[in-house]
Each structure stands twice: as C-alpha cells, then as structure tokens.
Amino acid sequence: MSYERHGRGGGYRRRHRDRDDWDDRRREQQETPDDKLKIAIIKLGEVDPIEELPRLEQQIRDHLPRNIPILSEAFRIGVTEQPYKSPFYAALLRLLYNPSATNTSEETPLGRLVLEDFWKGFQSYLDKVAWRETRLCIHFFAHLTVAGLVSVDSLLTLLRSFTAVLDEFGVSHGRAKRAALCAGEGLIIAGSVLKAHNPDSIDEIINAIQAFNDTTTNLKWLVSPTTPVSAQTVQHESTSELLETLLNVLNHLNQSDFNDVTTCFPQPYKNSSDLDNSSFIPYDLPLVLVPPEVIELDPLSSDSGEDVSIKKEEWPEFFVRLFPNDVSPDPNTPAGYIIRTALLDIVDIFEVNRKECARLLLEYPKWNLPGTFKPKPGAPTTVEPTPGKDWQLESTIIECVLGIYLLLPESPKKSIYYTALITELCKLSPSTVGPAVGKSIRKLYQLTSDGLDVESARRFAEWFAVHMSNFGFQWVWKEWIPDLNLTVQHPKRAFMRRAVEFEIRLAYHERIMKTLPEPMQSPDAYVISDEAPGPAYDYDDPTNPHHESAASILNLFRGRAKVEDVIAHLDTLKASLESADDGVNPDTILRSMVVQSLLQIGSRSFSHFLNAIERYLALLRNLAGNNNGAKADILTAAAAFWRHNRQMVSIVFDKLMQYQIVDPTDVAAWTFVNGVTVGQLAELAGPLNLSAFEWDLLRGAIDKANGRVTIARRKVAALKKEDDDARGRVKAKADDTMEVDAEKAETVAAPETDSPQLQSALKAFSSLIKEQKAVLSRTLEGFVSCLAPSPDEPRANPHSRTVVSEDAWENRANWGRDEWNAWETWGWCRQFCRVYSPYLRMYNETLYTISLAKFEKSTDPAGETLKSIWSTATGQDA
C-alpha cells in the first residue's frame, strides 16, 4: 500500500513556498557595510541633493574602518555614470575636506585621500583612451578647481595636455574632436578661476581649438544635413555643429570673463565655509600624456600593397534644430550648450536601459538651476521663471534625441534605441511629450523641402512609421493634403510614400489605408498602392503565352522533382521556344519562369522560401553560370515577382548573394540599370535616378562584400596564428634536440611553407578582395553615369548638372520630377562616399583612375562636384 499523497493542500504550498523564499534569501549575497555606503554615495540626490549632503558626509565619516578605494570608486561611478550630479559630488568632497572633531592638524583630510585615489581611476580611463569617462572626470576636476580643492596651474596643465593632441601629425578628426571637447568643456566650467589666474592661457586653449576647427571646413559641408549639393558653405539656420557651438560658447564666456557660468549650472560647493588657507594646500593634478589612439590592426591589401587598418571614419557632428530659442535653448549659448551636453550624456550612458534613461531625462530639471525649465502642467509654481530661460523640457529632450538620431553619416547607436526611447518618454508623460513629438514631425517634414539630406529624410520616415505603430497609427494626414499638388518626386511626397510603406510593413495594407484621408487613397496620389504587398506571378494569367510552360515547371517544383529532371524539362522547353522564333530570348524566358515559379512556391512564408532556394540551389547556379546577363535576368525576375513588396526584393537579393547565385557586383550593376523600374512609381520613371529603395539594394551588396572580406581576414589571421604557433613549437623542440643529438635536429625542422589550409584561405581572401574592389568600383561608376553622363547616353538626366548650382537650388520651388530625381541621386552619392570612405580610401588610386580621372581637365560642373565629394571623403582635402 502506498501512502504517497498525490494532492497537497494550500497550507502545505504556502509553508513550502515561504521556506523556498527563505532559502533564496539566504543564498543571496548579503550587502556589506562598505557596499551600503557605496550605494548611498551613488544614490546621492534621490530626494533633495542639497539636504542630503550633510547627512551623507556624516555617514561617510562614521563608517569605520575607512575604505578609501571604496569611496573613490563610488565617486568615479557617480561622476562617469551620473554626470549631472558632478557639482554635488564636488560639494560632497569639499565637505570631506573639513576637519572632524577627532582629527589632528597633521592628519590628511578625508577628502584629499579620496581625491588622490580618484586620480588613479582617471589615469586608468586615460590609459584605455576611454574618452567619455575621461571627459566627465575633467568636468569633475574643473568643479573641484572652482571649489578650491585643485590647484589652478595643475588644471591648466591638464587641459593643455589635451590641446596638444590637436597638433599631432595626422591626428584623426575623431581623436582631435574628443580632445577638444575635454579641454573646452573643462574650460567652460573652471574658466572664471582660470582667467583670473592666467588670462593668456584662456586664449591659448581657445586658439588651439579654433585652429583645428579651421582645418575641418571641407569635412563639414559633406555631412551637413541641410546643405545644397555642391555648396562649400554650411547653412546654419536649422543646424549646429558641435565644435562650432563649443567655440561660440567659449568666445562668449571669454568676453564676459566667464561670469555667465554661474547662471548655467549649480555650484553648491560655493556654499561651504572657506578652508583654512594657512594649512590647506590644493591638490596638484599629476602630469599626464594623452596616449595614442588604440587601433586594432586588420591587415588588408590596399592599392600600395601595404597592410592597412579598417577604422570607422568620424565626421563633424551636425545637430538639427527643431524649435526656436524661446522653446529650447540655443546650443550656441553657455546654458544651451551645457544642457544639450548633459542630455546627450544621459542618452549615451543609459543605452542599456531606455526606461531608466527616459525617467532621468524627464527628471533633469532637478539637477539644474531653478527656473531653467517651465514647471509641469498643474505643478505649483514655487520659483519665478528666469529671464531668457523658462524653456520647455520635453521639446528640448526631443530635439536632442532626434538631433543625435539624425547625425550623418550614421547615428552613434542603433536607430531602434532612439525610437524606443522616444516611445518611453511618451508613455511616461504623454500630455507633454506628445505635443513636442508632433511639432518635431512637422518641423522635419518642412525641412525635407529645404534640403534635408536624403539619409536623414529616410531615417525620419522610418522613425515616423515606428512611432505611429506604437500609438495606433494616428496622425493628422489631412494637414499634408495640399502637398499632393507638388511634383510626384518632391521630397515631401517621397516622405509620404516611404512613411506609408514602412507603416504597412509594421501592420497591413488595409489598416493603413483606413488611416489616410480619401485624397491620399487614390492611386493617382502615389501615397499608397491600391494593391496590398504580395507576390505578382506573371505566368498565372492564362492569357500569358508562357502560362502552360510555367505551370509545368511549377508542378515539378511542387512535386519536389529532382534537379536533373527539372533541367531535362527545361531543355525540352528551350527547344520549343527556339522553334517558335518570336524574337524573345528563350534563355531569358526560361530563367524568368524558373525563378518566378520557385518564388511562387516560397511565397507562403520565409521558411518556405529558404527551403525552396536550398532544394534547388544547384539549378539556380546552373541557370546563372558565369554569365552576367543570366544573373541580371535572375535579379529582374525576382524583382518583378515582388514588385508590390520592395522589402522582399531586398531580402531575396540578399539570399541570392548569400548562396552565391549572384555576386554583389551583379546586384550593384543591376540596380543602376533596372532598379528604378521596380515598385509603385515604375511607370513614372524617367531619366535614371536612385531613390531610398535603390540605395538599400546598393548598401546590401556593398555590406555583403565587405562582410565577406572581414570574415576571411579573421580566418586568415587565425590560421596564421596556428601556423606561427606550430613553427614555434617545432623550433623549440629542435633547439632541445640539438643539445642532445645534432643529427636528429633536421628531422624536426620547422616547415617553411604555409599550411594547405592557410594557402587556401589566402587564395579565398585574395578573391574576396577583388570582389570588394569590384563592387565599390561598379557603384562609383554607376553614380558617375547617373550624375555626369555623356549627352548621348540613354536615359541620361539632363538636370543632373544643373541642380548642383546654388542658383538652381534657390529656384527649387519650380523644380519638376527630373530635377528632384537628380537631387536625390546626388544625395545618395554623398552618402555612399561618407559611409564607405575607409574602403574608398584604401582603393583610392584604382577607383579614381577608373571613374573620375576623366574629369581632371574638364570644366563639367557635375564632374567638379564629384571630385570634390571624392576628395573630401578620401581625406585628400581634409
């Protein structure tokens, strides 16, 4: 008899649940007193930082035994991960300098011990070239200098060590920019005491930054988000460049002897009593030398045959302004620059937790001076608005987030992070953030017709669609109905099409159709297609002359026929097509029928598509062969099948490249010849041009080639290391053997040749290098043929030359379809050169000779513009 109880009562479950919870709590790591103190320091200001400072000071003093490394680590975490608290940490450290009741006059102040250990952490950041942490520590040192804890001379020496970076030979723009920010922002905070001590040093630092900034003029025009195609001057109405704003702020403060700084951020350490000057000695920051940039070498053959390293190119940072100065602060003013820097630091640091980031952004006024931002609706007004301030917090935050999201050529973080962050902000405060988002959308929409860069406009459309999907796709489209009278290729109408296309990807066609007003639903409006995205099997129509032939191929695929049987059937069909002699290339028709039938089988789902491709991979490779025309036919058939769903065109092309049915060069060549004929506006396609769709295809092809080279390079490096290790082991064994028996040493001699695996990898690597160079060359040639074609070239756009003049840009209100087509193509050419500048620089000599050398003695305005873009992107004009 079994006495096992198969059912248990609720009391039993509760008792054992409580016991399990107790076991879990016992297994949890218990916080030590050191940990509790560290957390208390990091959480300074959860309620009111000013009121918490004396209590936290006493808690630190009462903690025994003292653990200086724990204290300094807490300060470092607070300063580098919560930089908006730096003034209050400086005030806390200032309090720790005060002698306690038990201190003797000879005892080192607790604050000094913490500061000395804090410096060790700063030195480690500097050694690792951790620029963000280094810059934020300099902020802290600058506050401490104003508080009198750090000597003025040592801070000046520290700032000069960073301006020395600007004079390095061949310094990269990214390294120089970060060094300039370290020196310039430290000067903003501590400028008042620095100028009183040594006025000439202020001019020295500012002049050093200005001198470097003057050398970046040629870089700026290529990444400004609102610059006309060929203008060498940057428009400032709706943009602000980072170093330009820094210099404007420094010059403004220098003229006022840095008196305006007191109205820009809190300085709570000034409320402390004066230190005893008879016994107090300010801390001298040790001398430092900024180490060189850390570069991981990746050997890659260049035109010169030398090994080079692939390093992402860094450009000047242009931020889009969305609101007037009475709504959001002007970054060219001290307060505006400090606020934007603080908000951008929060966005950068808290990428790992977007919800926490959104909360901290909305709580930022707590860490700023009262009266800087308008109070929340319904909140009691306890502080009078500060004249010249009283800005809208939510508008300022949205402007900062969208500004960094739209940075060219790429945003620092993944686009989805910024999109999700704005969504979280809307969820936390919908009544205040929602209107700011709406105003931002309207401003960016207006900027599309004022020269907003095509890449920025594409990202804007993507963010708009994702944001609408999070809030029921609710938007007042009727506001934009009058813009339907603009030419069909106008940027405003292009934005509508792209935004709706992205929305359909996130929902479905019928739902998005219902959100649009009736005038936009018409096919003649070219906002949304009248058909839902789906396959378009050309041979499904019984009236098609090849309907029966295609049906026979489709049935073979459905029956999972062997590849050999399908090829035999295709040979039979080819013979019948040749006998028909209807003027159509039978090979082209066969490729079209095979590809479309195979895609029809795989159209049910993505897994069906992959299974179909993998099952008949040999058939597709047989159709493609080594014939470029055959590969172009395959791409054309695939694009025609998915002409109502351009996203699937990109996906299918990617898989065809992945399975090596076509090469990236084939996709690039096809895009410039046939890409414009795909999609909703195929019937309106005039002279050859590129839109965001064609750019996506080009980007996919180039990234595929670059990715293959990267993988092959890593494989070669790993195999080389294995060979070197093997040679080292053999050599070591040989050395040991020689000591015992010299005759046996020959039997263990290290091999002089590479292993077969390495030789094979090197051969593949060389082949992929040629492919990479070929796709870059073909892309550049395609842009040249689009933008500076010969007069007799078919489908040449006669306006590709005229739109590069500033006079034509001023007359853009009268532009038609062809002018806007040419303008957009110029924009994607600029983006190609910006994004892939490290690769273009490697093959500069070859690519220039093939595509641009013919413009050396030409006065063609299009050729001159192409050379300017190329020279800037490859660093020849930097």
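From Ile188, atom CD1 reaches atom CG of Asp260 across 12.0 Å, with rounding to the nearest 0.5 Å. Considering CG of Leu421 and CZ of Arg354, their distance stands at 9.0 Å, rounded to 0.5 Å. Taken from CD in Glu185 to CD1 in Ile338, the straight-line distance is 9.0 Å, to the nearest 0.5 Å. For the atom pair CG of Asn213 and CG of Leu246, the computed distance is 9.0 Å after rounding to the nearest 0.5 Å. The distance from atom CG of Leu126 to atom OG of Ser161, rounded to the nearest 0.5 Å, is 7.5 Å. To the nearest 0.5 Å, atom CG of residue Asp203 and atom CD of residue Gln210 are 12.0 Å apart.
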Exercise. Evaluate the side-chain contact (heavy atoms from CB on, under 4.5 Å) criterion for residues Asp453 and Arg834: first the C-alpha distance (whole Å), next the side-chain angles of each, then the deciding distance (0.1 Å), finally the verdict.
Key: CA-CA 12 Å; Asp453 190 88; Arg834 289 185 302 229; 3.1 Å; yes
Exercise. Mind running side-chain hydrogen bond (donor to acceptor under 3.5 Å, both in side chains) on Glu864 and Ser868 for me, showing each step along the way?
Key: CA-CA 6 Å; Glu864 292 295 320; Ser868 297; 5.7 Å; no
Quiz prompt | Derivation and outcome, side-chain contact (heavy atoms from CB on, under 4.5 Å), residues Cys829 and Leu787 | solution = CA-CA 9 Å; Cys829 178; Leu787 301 173; 3.8 Å; yes
Practice problem: Go through the steps to decide whether Glu455 and Trp695 satisfy the test side-chain contact (heavy atoms from CB on, under 4.5 Å), and finish with yes or no. | Solution: CA-CA 10 Å; Glu455 170 63 14; Trp695 168 248; 4.2 Å; yes
Exercise. Walk me through it: do Leu181 and Leu243 pass the test side-chain contact (heavy atoms from CB on, under 4.5 Å)?
Key: CA-CA 8 Å; Leu181 292 177; Leu243 287 185; 4.3 Å; yes
Quiz item: Where do Glu168 and Arg175 land on the salt bridge (Lys or Arg N to Asp or Glu O under 4.0 Å) test, with the steps shown first?
Solution: CA-CA 10 Å; Glu168 293 176 354; Arg175 175 176 169 82; 2.9 Å; yes
Quiz item: Passes ring-ring contact (aromatic ring centres under 6.0 Å, His included), Phe265 versus His143? Steps please.
Solution: CA-CA 11 Å; Phe265 48 77; His143 283 294; 5.3 Å; yes
Quiz item: When you look at Asp450 and Arg812, which way does the salt bridge (Lys or Arg N to Asp or Glu O under 4.0 Å) test go after all the steps?
Solution: CA-CA 9 Å; Asp450 293 335; Arg812 63 187 180 278; 3.5 Å; yes
Exercise. Please lay out, stage by stage, how Ser201 and Glu204 fare under the test side-chain hydrogen bond (donor to acceptor under 3.5 Å, both in side chains).
Key: CA-CA 5 Å; Ser201 63; Glu204 177 188 339; over 6 Å; no
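Listed here is the closest heavy atom pair of Asp345 and Pro83: CB-CG, 4.0 Å. Residue Leu402 comes nearest to Leu444 through the heavy atom pair CD1-CD1, 4.1 Å, listed as atom of the first residue, atom of the second, then distance. In plain terms, the two heavy atoms of Ala461 and Arg498 that are nearest each other are CB-CB, 4.0 Å. Smallest separation of non-hydrogen atoms from Gly174 and Glu314: CA-OE1, 2.5 Å. Across all their heavy atoms, Cys264 and Ala335 have their closest contact at SG-N, 3.6 Å. For the residue pair Val249 and Pro334, the shortest heavy atom distance occurs at CG1-CA, 3.7 Å.
Judged by distance alone, the side chain of Asn248 and the main-chain N or O of Glu244 form a donor-acceptor pair under 3.5 Å. Checked by atom type and distance alone, the side chain of Thr825 pairs as donor or acceptor with a backbone atom of Leu690 at under 3.5 Å. In this structure, the side chain of Thr341 engages the main chain of Tyr337 through a donor-acceptor pair within 3.5 Å. Judged by distance alone, with hydrogens and angles left aside, the side-chain atoms of Thr779 form a donor-acceptor pair with the main-chain N or O of Val775 at under 3.5 Å. Judged purely by atom type and a 3.5 angstrom limit, Thr216 has no side-chain atom pairing as donor or acceptor with the backbone of Leu219. In terms of modelled atom types and a separation under 3.5 Å, the side chain of Gln831 and the main chain of Pro409 share a donor-acceptor contact. Not one N or O on the side chain of Ser851 forms a donor-acceptor pair closer than 3.5 Å with the backbone of Tyr848. In this structure, the side chain of Ser224 does not engage the main chain of Trp221 through any donor-acceptor pair within 3.5 Å. Counting only distance, with no hydrogens or angles, the side chain of Asn251 and the backbone of Leu247 share a donor-acceptor pair below 3.5 Å. One N or O on the side chain of Lys867 and one on the backbone of Phe855 form a donor-acceptor pair closer than 3.5 Å.
Within a 6.0 Å sphere centred on NZ of Lys413, heavy atoms belonging to other residues, nucleotides or ligands number more than 12.
Between Lys443 and Glu399, no side-chain nitrogen of the basic residue sits less than 4.0 Å from a carboxylate oxygen of the acidic one, so the salt-bridge criterion is not met. With salt bridges taken as basic N to acidic carboxylate O contacts below 4.0 Å, one links Lys177 and Glu317. Between Arg321 and Asp330, at least one side-chain nitrogen of the basic residue sits less than 4.0 Å from a carboxylate oxygen of the acidic one, meeting the salt-bridge criterion. The residues Glu462 and Arg459 are annotated as not salt-bridged, no charged nitrogen and carboxylate oxygen being separated by less than 4.0 angstrom.
Residues Leu187 and Leu253 are not in side-chain contact: their nearest non-hydrogen atoms beyond the backbone lie 4.5 Å or more apart. Looking at heavy atoms from C-beta onward, Phe258 lies out of side-chain contact with Leu194 at the 4.5 angstrom threshold. Counting heavy atoms from C-beta outward, Cys137 and Trp119 have side chains that stay 4.5 Å or more apart. Residues Val454 and Trp826 form no side-chain contact, since every pair of their non-hydrogen atoms from C-beta on lies 4.5 Å or further apart. Using a 4.5 Å heavy-atom threshold, the side chains of Val347 and Tyr417 count as touching. Annotation: side chain of Glu771 is in contact with side chain of Leu768 (closest heavy-atom distance under 4.5 Å). Side-chain contact check for Leu159 versus Ile138: some heavy-atom pair is nearer than 4.5 Å. The side-chain heavy atoms of His139 and Val79, taken from C-beta on, include no pair separated by under 4.5 Å.
Aromatic pair Trp367/Tyr364: ring centres not closer than 6.0 Å. Between Phe122 and Phe140, the ring center distance fails the sub-6.0 Å criterion. Less than 6.0 angstrom separates the ring centroid of Phe118 from the ring centroid of Phe141. Centroid-to-centroid, the aromatic rings of Phe783 and Trp828 stay 6.0 Å apart or farther.
Classified by interplanar angle (parallel below 30°, tilted 30° to 60°, perpendicular above 60°), the ring pair Phe460/Phe495 is parallel. The aromatic rings of His173 and Phe212 sit tilted relative to each other, their planes meeting at an angle between 30° and 60°.
For the side chain to side chain contact (heavy atoms under 4.5 Å, CB included) criterion with Trp315, the lone passing option out of Val223, Leu408, Leu407 is Val223.
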